[in-house]
Every structure is written in C-alpha cells, then in structure tokens.
*Asks:* 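Got a structure for you, written out below as structure tokens; questions coming shortly.
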Amino acid sequence: MKKTLFLFITGLSTAVALIPACRKADPVIRKEQSNLADIYLTTQGAGKDRLFNPRYSNDTVYFDVPWFYPATSDNNVDITKMIVRATIPGDASISPSLGGVMDLTKPLTVTITAGNGAQSKYVIMTKKVGDLSVNSAKISLTNGGTTEEIEGVVQANEILFYVMPGTNVSNATLTYDINKHSKGSITYGASINLSSNVPFSVTGVDGVVKTYTLRALEPVKLAYGVGINRKLWNKPGAELGFTANNEVCLAVSGDNLVLTRRTTPAKFSVFNRFTGAYIKDMYNPFTATNFQVINDSADHLLAASWAPKNSKFILYRYNDVNDAAPVKLVEWTNNNPAAITGDGGVGRRVNVYGDLNGDAVIMAPAGQSAVIYKWRIVNGVAVSQTPEVITYKSITGGSSVFMGYYAEAQPIGTGPNADYFINYQFEVALVNGTTHERTAGFAAMPNVVFTMPTAYNRFNNANYLSIVKYINTYDLNKVQMSLFDVTRTSSISMAPGSPDYGSFNVFNSEELNGTANGNGTADIAVGYSNNKERMQVYMLLTNGGIMAHEFTNYAP
C-alpha cells in the first residue's frame, strides 16, 4: 500500500508539473496605428536638422521649399536631392523607406502599415517658392525741419504706418527690407504719397507676385496693455549656428540679443535683435561651461557660472555687450543644505528683477530640490555673498525630485520679501515672498505637457508673464510663446474654458519646431524700443531656433 500511494503521488506531481508546459503562449497584440506623427525635410550635409516644415490637408502633405536657403544666401535649393524624415508609430513600417536622397519634383506617395496590417497613404507635394515677405518697412517724413522715421507694422496683406494727427504724409520716403532675390514694385528710397492707400508688390524669383497695401493711419494709444503685434523674425537653429543641445539662454541689452552656447568654455553670441544678424561673441570671464547670461530691468547683463555641489557660484555684471571688464557681484561656494539629497547644482536657471547698478533681487534654484537661493543687490552691491536659503513650501506633483533640474524662480520686486513666480515641471504659481507658499497657480492648459521658462516685465501699465509652452509631445521639440496678463492676481487661476480667459492669456504664437530636445531647455527674454511704446519678446528652443515677436501699445 505504501508503494502504491507513493506512485500515485509521484504521478500526480508529474502531471501538475506538465500543465504549464502545455499552456499556449499569450497572443501578441499588434498595434493598429498607421498615422503619420511628424514629417520634415532636410538636405544633404544638414544631418537631422529640421529645415523645412509641412502643411497638412487631410492625407496630403505640402512643403513650400524656399528657392534659396538660408533665405539671404545664394544657395539654390535642389529639390531633386531632398531628404525626408518622418516619425511613425513604433509597431508600424513605412514604404518607400525614407532618410535617403530623393527627387521630390513629383508627388511622392508613402504608405504606413500598422502592426496589424492596417494602412494609411499620404501624398507628399513639394514645390520651390520665392520669398514674398516684407521683413520691415519705414517711411521718413520731414515736418518743420525735423525728419521723423516711422516703422511700419507688417501684417498679412498690409503695411501700416501710424502717424500722429495733422502729419503731412504726401511726400514720404519709403525704405524696406525684402529678400535680395525678390523685387519691389517701388524703388527703394522713392517718394510716395500716403494721403491715400498705395499698392506695393513683391515679385519672387519664381515670378509669383504678392501685393501689400501701404496705409497711413492715426493710431489710438492704449491706456493699458498690448495692442497691435507682429512677428519680427523666425530663424531655424541651422541658420544661427546651433549645435546639438548647446543653445540654452537669451538676454536683451540695447539693440542686441545675447545667446548663451553652453560649450566648454561657453560662448556668448551677440545678434542684432531686430534682424537676427550675427554681430560678434561677447567677452566671457569664465573658462568652463555656463548656462546663463540674463538681463536685468535696465538692460545690464548678468553672467552666472555653473556650480555643482561644493563648487564656486560666481555672478558677473556687464554694463552692455561691449563691456570687457565685467564686475564680480557674487562669489559663493555651493555648500548645499544637508536637506538637498538630489543634484543640488546651481546656475542652470537664474532670474533677476530690478537694476543691477541700483537695487535688484537675484534668485537661483538648486537642482532637484525645493530650495531657492536669493541674493539682494542694494546700490549696485550684494548685501551678502552668502545667499538667503528659501524652501518653497507648496510643492505639487508628488515628485521625489521636487522641482527638477530646470526650475525657475522669478522675483517681481526688489524688496527683502518680494513675491516671486515659481515655474517647474508641475506648476506655474505666484508665491508669497514672506511665507514661501503658493498664492495662486495656473490652471492646466490643453495640449501643454509642461511650461518653462519664464520672463516677467511691465509694459503700458500692465504686468506680463511670458512663458514657453512645450506642446503635445515629450520629445520637447515643439514650443509656443505665450503672454499672460498677471496684473490682477485673481486672474492667475482662471481656467482655459472661461469666457474671460483671453484677457489673461492675451497671446499665443505659432509653434516653433525643432528636433528631439532631451534636456528640455528653452528660454524667453523681453526688450523695448520707441520709448517703451513697443515690446519685443524672444523665444529660444534648444535644437530648434529663435522666434521674435513685437507688441505695441497702439490699436488701429
């Protein structure tokens, strides 16, 4: 009996052991997505630079390729030798294969096949186009022996010149900037009579003509806020000499735009901020990598070193881009509080408010923490080399790394307890400068994966927060410039669905596109002209380019 029982148990155990071996494998579920997620064109020698962006109409993708690229060059684009790059779902395939040199003079049909066999077809249509844009236009008027220059506001089909009532515009001298391969219907520097509307045509190298209407109008000066606005310029990184992941910061000083390139050592490249033309590289007192050169409220510049734990954090003040002897404001060893267990580095993001030659506040978060370092400048001198250590008490998002690497703290006053805006991966919020707790936070915005960075300024009796929004994808290769009126703090928490939301989010630009941006870096900076009757906002996307937009305090 014992032997029989042993055999029975052994057989049962063997049968149980064999059960898993007989089970069928779980089926592989193939994906059904066959959509075209993204597509762009580039040329031989440009690597993966995103040179030409598409227009979509259902299943047709249109590319208008400029006749010459860059636009101001004599480099004739050959569309028989283009490279198409596309993004498709991970389980799908595309036919024909892309990434090689292709002739796009004829329509190209591509088929995307999903993992489950479903297919989508797209037709790519490419044509070369001349440049019909007017980059800028001015009229010169002589009244009472005084010559006045008035810059035009270039819109879709009009160029508007706002002149004061009673001004004689019958003998205005017209100058303008168009592509050198295009031709204007009015001779540069000719006299025009703007007592009535004047047509002005631009003929591209391809023979296509676009006609603008030149109009002299009496403006209405607004008592509050922004009025007429226009895009100044938009240049891709390839045209500005971008290299992978290195362009990270913008600053405004006078008529100049300073771009920080975080090479080793860093380069501080100076451009004309009204045209985007390169001027020179600014003097750099540092020998290592830098992330930040920023401007104060009086157009002075502040250069910050990058300081990992136990390294020196140094701040230099420049009077302008020609200053070859900047003044050292701060030198402090980054001996982080013991509470910081993360990265703790200082200098990835630095913000300032006020006049560095007078009174100002400088704030710089410590990486992967809730800690913000703060320096006060009084009469052009740091009150202390050792910063005040602030802990932001209203952290949201449940992150173990708190505010991440690229958090920003933007002061909005120069007093010892000035309030400030906080901007990190989980929120944008106004913070009480005494309690360091959130006063009001932005509501979630549709299609925005997160927002960063920030610029705060005052224009025409209104306070504005300019923000870069990362749109749709965590590749962080699509951004949008947005302007928020934060004068009334009660508006800050307004929901996008509110009927009054447009009075809070007063402007959203077109998207600026680039390639994958693993560091999630971008920047935004603000400048003024015409006695602060015009405000310019500049947006940088690392691996993308720079967009410049102008706002005025005039309305039609």
*Asks:* Are the side chains of Pro285 and Pro326 in touch, meaning some heavy atoms are under 4.5 Å apart?
*Replies:* yes
*Asks:* Measuring centre to centre across the rings, with the benzene-like ring taken for any Trp, is Phe551 within less than 6.0 Å of Phe507?
*Replies:* yes
*Asks:* Is a side-chain N or O of Thr487 found less than 3.5 angstrom from the main chain of Asn463, in a donor-acceptor match?
*Replies:* yes
*Asks:* Ignoring hydrogens and angles, tell me if any N or O in the side chain of Ser253 forms a donor-acceptor pair with the backbone of Asp299 under 3.5 Å.
*Replies:* yes
*Asks:* Indicate the ring-plane relationship of Phe421 and Tyr456, choosing parallel, tilted or perpendicular according to the 30° and 60° boundaries.
*Replies:* tilted
*Asks:* Tell me the closest heavy-atom pair linking Ala251 and Leu301, and the distance in Å.
*Replies:* CB-CD2, 3.8 Å
*Asks:* Please assess Leu214 against Ile192 for the test side chain to side chain contact (heavy atoms under 4.5 Å, CB included), listing each intermediate value before the final yes or no.
*Replies:* CA-CA 10 Å; Leu214 309 181; Ile192 59 174; 3.9 Å; yes
*Asks:* Look at the aromatic rings of Phe200 and Tyr212 and report parallel, tilted or perpendicular, splitting at 30° and 60°.
*Replies:* tilted
*Asks:* Kindly say whether Ala223 contributes a backbone atom to a donor-acceptor pair with the side chain of Asn461 at under 3.5 angstrom?
*Replies:* yes
*Asks:* Under 3.5 Å, which donor-acceptor pairs link side chains of residues 237-245 to any protein atom two or more places apart or in another chain?
*Replies:*
residue, atom, partner, partner atom, Å
Thr243, OG1, Asn246, ND2, 3.1
Asn245, OD1, Asn543, ND2, 2.9

*Asks:* Evaluate the side-chain proximity of Leu356 to Leu329: yes if any heavy-atom separation is below 4.5 Å, no if none is.
*Replies:* yes
*Asks:* Hey, which of Leu160, Leu194, Val153 is the one that makes side-chain contact (heavy atoms from CB on, under 4.5 Å) with Arg215?
*Replies:* Leu160
*Asks:* Between the side chains of Asn517 and Thr542, is a donor N or O closer than 3.5 angstrom to an acceptor N or O?
*Replies:* no
*Asks:* Between His300 and Asp323, is any pair of side-chain heavy atoms under 4.5 Å apart?
*Replies:* no
*Asks:* Within a strict 4.5 Å, meaning less than it, do heavy atoms of the Tyr318 and Val258 side chains meet?
*Replies:* no
*Asks:* Could you list the residues that satisfy side-chain hydrogen bond (donor to acceptor under 3.5 Å, both in side chains) with Asn229, not counting sequence neighbours?
*Replies:* His549
*Asks:* Is it the case that atom NZ in Lys267 sees more than 12 heavy atoms from other parts of the structure closer than 6.0 Å?
*Replies:* no
*Asks:* Does Arg85 come within less than 4.0 Å of Asp49, counting only side-chain N to carboxylate O?
*Replies:* no
*Asks:* Locate the shortest heavy-atom distance separating Ala360 from Thr414; write the atom from each residue and the value.
*Replies:* CA-CG2, 4.0 Å
*Asks:* Looking at Lys128 and Asp206, does any basic side-chain N land under 4.0 Å from a carboxylate oxygen?
*Replies:* no
*Asks:* Looking only at the side chains, is there a donor atom on one of Asp485 and Tyr224 sitting less than 3.5 Å from an acceptor on the other?
*Replies:* yes
*Asks:* Kindly check if the number of other-residue, nucleotide or ligand heavy atoms within 6.0 Å of NZ (Lys180) is above 12?
*Replies:* yes
*Asks:* State, to 0.1 Å, how close Leu98 and Val84 come at their nearest heavy-atom pair, and which atoms those are.
*Replies:* CB-O, 3.4 Å
*Asks:* For the pair Ser133 and Asn135, evaluate side chain to side chain contact (heavy atoms under 4.5 Å, CB included) and give the outcome as yes or no after the intermediate values.
*Replies:* CA-CA 6 Å; Ser133 60; Asn135 300 319; 3.7 Å; yes
*Asks:* Should Ser529 and Gln536 be marked as a side-chain hydrogen bond (donor to acceptor under 3.5 Å, both in side chains) after you check the CA-CA gap, both sets of side-chain angles, and the distance that decides it?
*Replies:* CA-CA 8 Å; Ser529 62; Gln536 296 80 31; 2.9 Å; yes
*Asks:* Which heavy-atom pair separates Lys532 from Asn553 by the least distance, and what is that distance?
*Replies:* O-ND2, 4.4 Å
*Asks:* Please walk me through it: do Tyr554 and Glu533 pass side-chain hydrogen bond (donor to acceptor under 3.5 Å, both in side chains)?
*Replies:* CA-CA 8 Å; Tyr554 286 96; Glu533 290 186 346; 3.1 Å; yes
*Asks:* Is any NZ, NE, NH1 or NH2 atom of the basic residue among Lys231 and Glu550 found under 4.0 Å from an Asp or Glu carboxylate oxygen of the other?
*Replies:* no
*Asks:* Check whether any side-chain heavy atom of Ser509 lies under 4.5 Å from a side-chain heavy atom of Met539, and answer yes or no.
*Replies:* yes
*Asks:* Scan side-chain atoms only and decide if Asn457 and Tyr528 contain a donor-acceptor pair under the 3.5 Å cut-off.
*Replies:* yes
*Asks:* Please tabulate, for the side chains in residues 274-281, all donor-acceptor contacts under 3.5 angstrom to protein atoms that are two or more places apart in sequence or on a different chain.
*Replies:*
residue, atom, partner, partner atom, Å
Thr275, OG1, Ala277, N, 3.2
Tyr278, OH, Asp281, N, 3.2
Tyr278, OH, Asp281, OD1, 3.2
Lys280, NZ, Asn322, OD1, 2.6
Asp281, OD1, Ser269, OG, 2.8

*Asks:* Indicate whether the side chain of Ser140 and that of Thr147 have a donor and an acceptor atom separated by less than 3.5 Å.
*Replies:* no
*Asks:* Just checking, any donor-acceptor pair under 3.5 angstrom between side chains of Arg50 and Asn513?
*Replies:* no
*Asks:* Does any part of the side chain of Leu476, heavy atoms only, come nearer than 4.5 Å to the side chain of Thr521, both counted from C-beta?
*Replies:* no
*Asks:* Does Ser482 form a side-chain hydrogen bond (donor to acceptor under 3.5 Å, both in side chains) with Lys469? I'd like the steps, not just the answer.
*Replies:* CA-CA 7 Å; Ser482 293; Lys469 295 176 182 175; 3.1 Å; yes
*Asks:* Before we go on, tell me: are the rings of Phe450 and Tyr470 under 6.0 Å apart, centre to centre?
*Replies:* yes
*Asks:* Mind listing the closest non-hydrogen atom pair of Tyr162 and Pro219 along with its distance?
*Replies:* CD2-CB, 3.4 Å
*Asks:* Over 60° means perpendicular and under 30° means parallel, so tell me whether Tyr464 and Phe459 are parallel, tilted or perpendicular.
*Replies:* tilted
*Asks:* Can we say Glu151 and Arg230 salt-bridge, meaning some charged N sits less than 4.0 Å from an Asp/Glu carboxylate O?
*Replies:* yes
*Asks:* Side chains of Asn171 and Asn168: donor-acceptor distance under 3.5 Å anywhere?
*Replies:* no
*Asks:* If only atom types and distance count, is the side chain of Asp523 paired as donor or acceptor with the main-chain N or O of Leu250 below 3.5 Å?
*Replies:* yes
*Asks:* Answer with yes or no whether the side chains of Asn423 and Glu408 bring together a donor and an acceptor at under 3.5 Å.
*Replies:* no
*Asks:* Are the aromatic ring centres of Tyr40 and Phe63 under 6.0 angstrom apart?
*Replies:* no
*Asks:* With the side chain counted from C-beta on, respond yes when Ile228 and Gln155 share a heavy-atom pair under 4.5 Å apart, and no when they do not.
*Replies:* yes
*Asks:* Do you see a donor-acceptor pair shorter than 3.5 Å between the side chains of Asn357 and Arg317?
*Replies:* yes
*Asks:* When rounded to the nearest 0.5 angstrom, what is the spacing between CG in Asn75 and OG1 in Thr43?
*Replies:* 9.5 Å
*Asks:* Answer yes or no: is there a side-chain heavy-atom contact under 4.5 Å between Leu257 and Val252?
*Replies:* yes
*Asks:* Under a 3.5 Å distance rule, please check whether Ser182 uses its side chain to pair with a backbone N or O of Asp131 as donor and acceptor.
*Replies:* yes
*Asks:* Check the side chains of Thr105 and Thr80 for a donor-acceptor pair under 3.5 angstrom, ignoring hydrogens and angles.
*Replies:* no
*Asks:* Are the aromatic rings of Phe268 and Tyr283 close, with centres under 6.0 Å apart?
*Replies:* no
*Asks:* Answer yes if the side chains of Arg273 and Tyr538 hold a donor-acceptor pair under 3.5 Å, and no otherwise.
*Replies:* yes
